[in-house]
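Counting convention: from 1, in listed order, for ligands and their atoms alike. Sequence positions, counted from 1, serve as the residue numbers for this chain. Everything numeric here is computed off the predicted structure, so don't read it as measured data.
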Amino acid sequence: MSVYPTYLGLRDLPERVQLLKEKLQPCTVCPFHCGIDRFTARSGRCGMGYAPKVASWSLHHGEEPPISGERGSGTIFMSGCSLHCSFCQNYPISQLRHGQEMSITELTECMLELQEKGAHNINFVTPTHFVPQIVEALHLAVGRDFHLPIVYNTSGYDDLETLQLLDGIVDIYLPDMKYCDDRMAKRYSGARHYVSVNRKAIGEMYRQVGGLTLDSEGLVRRGLIVRHLVLPGDLSGAAEVLRFVAGLSTSIGISLMSQYFPAHRAAEYTELQRKIAREEYAQALEALDHYGLLKGWIQPLE
Ligand code: SF4
């Protein structure tokens, strides 16, 4: 019989914590593989040391409906990000790194507090550069009757080996697929080989948790939901992203977002200085239909 969340049935959680902590020294936690010692330095691309840095933790009602549910998703916003997207909609937290450093025990307390408040899940936003610390906090929480599903809400630029160590720990993957062209990823996010890294990561997430499944209350219990933010001028390559997802499985959930607005350093790029046009979103919707991706959510275009 399956155990939910799956980490409750894991026997090797302490060993996973150890293996993940070894990836901090030298740091190979994310695909940048900066090689610094995160216990003593914060000179890597994410700018973070060992202590988890958190911008906020609260019940969030604005995620996809089966994640927020009625009571809200227990969202923990991690500060910093290894991707440096020039149009980041969340830049005060991800790029300006607003937040407070805390101990692993304090991170555990945040998780337990949100469980106490009725959260349906714990949703780590931009977790990639803090995976070892998050899993260590989870291990401590499990010893204190923590039992909520873990949502891994990521840019989708994740290290394959790190993800493999999350097998059985994460029940719900919520990654972005930002681009289908490495030149765009380099230009706007400073990431090399984005497409192959991102696609391998999505493939691994699907291998671990499969497509999107909902329980009798309409909540996601386990599965993969891919987010795609349509960029102006189709710079994100919506149809190609959706073609790739459909090739993996049409059971994967899709959240096709129209909410782009020029934020952060978008003003430096003429092509990023406007919202998307109605026709651009309509084309992305057509691709969704064309590839038979029927599980998911679209946004109204204002
Ligand atoms: S987590 Fe940070 S320090 Fe480690 S490889 Fe990624 S960007 Fe570099």
Side-chain angles (χ1 to χ4, degrees), residues 16-55 76-104 106-107 110 123-139 150-167 169-170 173-179 182 184-202 204-205 264-265:
R16 302 279 192 100
V17 171
Q18 195 48 43
L19 288 168
L20 284 164
K21 283 175 84 170
E22 285 170 14
K23 284 181 72 68
L24 288 166
Q25 194 182 30
C27 193
T28 56
V29 170
C30 89
F32 282 100
H33 283 209
C34 299
I36 64 157
D37 180 349
R38 290 275 298 279
F39 290 93
T40 57
R42 53 186 75 216
S43 52
R45 188 173 160 92
C46 63
M48 293 293 153
Y50 176 66
K53 192 169 182 182
V54 172
I76 302 181
F77 277 89
M78 307 307 293
S79 303
C81 184
S82 56
L83 280 190
H84 293 177
C85 301
S86 42
F87 54 84
C88 183
Q89 321 260 294
N90 203 19
Y91 71 95
I93 296 173
S94 65
Q95 307 303 313
L96 306 182
R97 302 170 188 162
H98 293 171
Q100 63 182 86
E101 287 193 350
M102 55 175 64
S103 65
I104 302 291
E106 287 169 324
L107 185 56
C110 294
N123 177 358
F124 286 102
V125 183
T126 323
T128 300
H129 50 303
F130 282 126
V131 168
Q133 295 88 333
I134 287 169
V135 177
E136 193 176 0
L138 172 67
H139 181 226
I150 298 294
V151 182
Y152 189 83
N153 184 340
T154 169
S155 71
Y157 194 63
D158 286 275
D159 179 74
L160 189 58
E161 187 183 74
T162 302
L163 281 180
Q164 286 164 345
L165 288 167
L166 290 176
D167 191 1
I169 292 174
V170 171
Y173 280 106
L174 187 56
D176 292 338
M177 289 190 81
K178 292 179 182 293
Y179 307 101
D182 280 339
M184 302 301 157
K186 184 83 181 76
R187 178 170 166 83
Y188 303 122
S189 299
R192 283 186 303 147
H193 312 302
Y194 177 90
V195 178
S196 58
V197 169
N198 178 242
R199 290 184 176 191
K200 277 183 198 151
I202 301 295
E204 173 62 15
M205 292 172 190
H264 191 37
R265 294 190 293 103

Undergrad: Sequence neighbours excluded, which residues qualify as side chain to side chain contact (heavy atoms under 4.5 Å, CB included) partners of S86?
TA: Y188, R265, Y269, L272
Undergrad: Minimum heavy-atom separation for M48 and R38, please, with both atom names.
TA: O-NE, 2.8 Å
Undergrad: Is there a donor-acceptor pair under 3.5 Å between the side chain of K23 and the backbone N or O of T28?
TA: yes
Undergrad: Any idea which atoms of ligand 1 are less than 4.0 Å away from a heavy-atom of H33?
TA: 5 (S)
Undergrad: Taking all non-hydrogen atoms of both residues into account, name the closest pair between T162 and V29 and its distance.
TA: OG1-O, 2.8 Å
Undergrad: Counting only protein atoms, how many N/O/S atoms are less than 2.8 Å away from atom 2 (Fe) of ligand 1?
TA: 1
Undergrad: With sequence neighbours excluded, what pairs up with T154 under the side chain to side chain contact (heavy atoms under 4.5 Å, CB included) test?
TA: P127, T128, Y152, D158, P175, M205
Undergrad: With R199, which residues qualify under salt bridge (charged side-chain N to carboxylate O under 4.0 Å, His left out), at least two apart?
TA: E240
